[in-house]
2 protein chains.
Amino acid sequence: MAPWQTGPVRGMIAPVAERVDHDCEGEMDDICRGQHVNGTCGGCEMRQLRLCASVDAETRRKIHQVSQRMVFAKGRHIVDQGEPLDRVYFIRDGMIVLSKILEDGARCVTGFLGPGDIISGIKHREGAYCTGTALTDVATCSFRREEFMQLLQENSQFGVIMLMFATDEIEAQHDHNVILTRKHVSERLAAFLLFLVNRWVGPGGVGRTAAALPMSRADIGDYLGVTIESVSRGLTKFREDGFISMPSRDRVVIENLPALYELSGLEEVPVSRGELGL
Amino acid sequence: MAPWQTGPVRGMIAPVAERVDHDCEGEMDDICRGQHVNGTCGGCEMRQLRLCASVDAETRRKIHQVSQRMVFAKGRHIVDQGEPLDRVYFIRDGMIVLSKILEDGARCVTGFLGPGDIISGIKHREGAYCTGTALTDVATCSFRREEFMQLLQENSQFGVIMLMFATDEIEAQHDHNVILTRKHVSERLAAFLLFLVNRWVGPGGVGRTAAALPMSRADIGDYLGVTIESVSRGLTKFREDGFISMPSRDRVVIENLPALYELSGLEEVPVSRGELGL
DNA sequence: CGTGATTTTGACGACACTCAAATAAAGTGG
DNA sequence: CCACTTTATTTGAGTGTCGTCAAAATCACG
């Protein structure tokens with residue numbers, strides 16, 4: 001066992017997971033609870049995002065019939081490692097950290113999810129292999145597994161879209177492997193910051209120069225495979241070098257974008273793409 | 001840039017990729033070239049594997065109509081990084097290494113593929129993001145992109161199966177992330193050896209205690225994120241400790257399975273599962 | 001059997017982890 | 001609202017794993 005795996009689990013441990021099923025109010029919420037308005041998604045922001053934008057109106061109607069809005073307060077678990085998961089969640093708003101506890105107590109963050117990303121329980125009847133924790137309040141459209149599978153069965157187009165999502169995620173994971181195997185701490189941190197400002201921008205949007213950091217240093221460290229101390233030192237160094245500034249501890253502003261690109265080894269703004277959490 | 005990224009590209013550089021389209025002989029080959037025999041897969045070994053085993057006879061027939069057998073000699077490239085890829089390959093036999101060259105010349109191995117695994121060109125019209133090199137002679141059943149997409153469109157079941165493959169691969173990648181972020185060299189090596197003996201065993205098969213090592217030390221190192229020297233030292237140590245023996249340089253026999261499991265941190269024999277290369 | 005590529009072995013050094021303490025922020029009760 | 005406690009982050013000093021460099025040994029191939 002690696003020495004740094006010992007010790008207590010780091011990072012925020014949320015209270016016992018409890019799904020909060022809010023009542024929806026207003027047209028948008030009605031739509032996303034499964035109500036059908038004018039045969040379209042109406043004002044639902046998800047329509048502008050990944051899934052709904054890609055299917056025809058008829059399919060969208062079917063989706064709405066079986067979809068259900070679910071929200072999770074910050075700190076709650078959407079998925080629990082080891083617990084059966086029989087829902088598929090499309091994240092509408094907020095941010096989620098996916099983590100995994102190893103046998104020896106070490107923690108590993110496998111990714112961060114945001115608007116448009118998916119947590120899929122389609123093959124975790126016997127227990128999810130990781131935990132999904134809400135880093136902020138999170139709004140989702142969700143489906144029961146059977147109903148979602150029904151949609152997949154009835155709409156081949158739908159399965160293809162999901163396959164594309166998954167393929168994107170595989171490629172993203174390969175990119176992350178590159179970070180983990182071939183980069184030093186500062187390089188990983190630079191790549192992470194660029195990831196934050198480039199992902200989850202709307203369609204056609206360009207990379208931003210500021211981003212929220214709702215996750216803890218432990219989350220970042222466990223994601224990049226470095227210690228919290230290294231994360232802290234790295235961010236401090238970036239601040240000293242004028243690469244970034246931090247108005248608050250959970251907010252970062254990129255001051256020298258080219259320098260971060262140079263450091264990270266990334267050559268251009270990565271295309272924003274879907275992520276399939278599970 | 002990390003210091004160890006400099007220098008020439010390591011590992012075998014195959015001659016210019018050239019697809020070898022062998023003539024097929026015998027029933028099995030006829031089947032896998034797209035011929036239809038008795039409405040089933042006949043003796044094709046792929047049927048025992050991942051895709052063909054999961055679909056009905058009718059779908060299987062359609063598959064065969066558009067499938068084509070392709071073989072690649074050891075050292076040839078099935079995919080080339082940056083080159084458009086318009087085929088989907090189902091690997092019937094042999095082993096493939098997927099690698100990626102970074103801007104600074106560093107090399108990263110994202111995975112190894114074997115029988116039942118898939119190299120998918122369904123979304124790489126503009127260029128594959130990694131290279132697939134045959135480590136041994138490789139036999140495949142392949143499809144042109146359009147025809148494969150047609151299959152997906154016409155058979156919702158088919159897309160779901162592919163989605164399951166992809167989901168498995170995502171989970172496998174997350175497991176690999178754990179290796180890369182939380183394990184020391186010896187632990188990574190142990191996990192790699194266990195991976196080799198447990199994957200690509202037939203359905204219902206148990207883990208073996210011996211495996212071929214058709215890949216170079218550089219391939220292993222680039223996969224595990226360590227140097228070739230560390231790989232070599234690690235294997236030597238394992239031999240000295242009696243954990244393994246190596247009849248030849250490209251062959252390994254596990255002599256102390258529990259010790260390797262203990263080292264790797266893996267708790268049980270991982271379930272063999274599909275891998276989607278691209 | 002000779003040449004080149006791959007692997008192995010050795011010595012040394014650096015990056016990042018460990019341990020520890022200080023500081024800052026967040027949460028809690030009076 | 002403020003003192004107090006708890007948690008998270010930052011900073012510092014020391015150390016070990018693993019990477020770098022270099023050379024020897026082994027293997028592959030003609």
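Per chain, numbering begins at 1; letters A, B, ... match sequence-line order. Every heavy atom of this structure was used, including side-chain atoms; hydrogens, water molecules and symmetry mates were not.
For Arg249(B), counting side-chain heavy atoms from C-beta on, the closest listed nucleotide (dT10(D), dT7(C), dA16(C)) is dT7(C). For Thr236(B), the listed nucleotide lying nearest its side chain is dT9(C); candidates were dT11(D), dC18(D), dT9(C). Distances were taken from every side-chain heavy atom of His184(B) (C-beta onward) to each of dC15(C), dT17(D), dT7(C); the shortest belongs to dT17(D). Which of dT17(D), dT26(D), dC17(C) sits closest to the side chain of Val226(A) comes down to dC17(C).
Listed pair Thr227(A) / dC17(C) meets the phosphate criterion, a side-chain N or O lying under 4.0 Å from OP1 or OP2. In this structure, Ser230(B) does not reach the dT17(D) phosphate: none of its side-chain N or O atoms is under 4.0 Å from OP1 or OP2.
Taking atom NZ on Lys237(A) and atom C1' on dG12(D), their separation rounds to 17 Å, with Å as the unit. Atom pair Asp250(B):CG and dT26(D):P shows a separation of 18 Å (rounding to whole Å applied). Residue Met246(A) contributes atom CE, which lies 10 Å from atom P of dT9(D) at whole-angstrom precision. Going from atom NZ of Lys74(A) over to atom P of dG27(C) covers 7 Å, rounded to whole Å. Atom CD1 in Ile228(B) sits roughly 13 Å away from atom P in dC21(D) (whole-Å rounding). What separates NZ of Lys183(B) from P of dT17(D) is a distance of 16 Å, to the nearest Å. Protein atom CG of Leu180(B) is 17 Å distant from nucleotide atom C1' of dT17(D), rounded to whole Å. Atom pair Arg188(B):CZ and dG19(D):P shows a separation of 8 Å (rounding to whole Å applied).
Ring pair Phe112(A)/Tyr223(A) is perpendicular by interplanar angle, where above 60° counts as perpendicular and below 30° as parallel.
The only member of Leu224(A), Ile179(A), Leu263(A), Leu260(A) that meets side chain to side chain contact (heavy atoms under 4.5 Å, CB included) when paired with Glu187(A) is Leu263(A).
Evaluation of atom-type donor-acceptor distances gives a pair under 3.5 Å for the side chain of Arg233(B) against the base of dG10(C).
A salt bridge does not link Asp222(B) with Arg217(B): every distance from a Lys NZ or Arg NE/NH1/NH2 to an Asp or Glu carboxylate oxygen is 4.0 Å or more.
In terms of heavy-atom proximity, Glu255(B) sits nearest to Gly242(B) at CB-O, 3.3 Å.
If you look at Phe195(A) and His176(A), their ring centroids are not closer than 6.0 Å.
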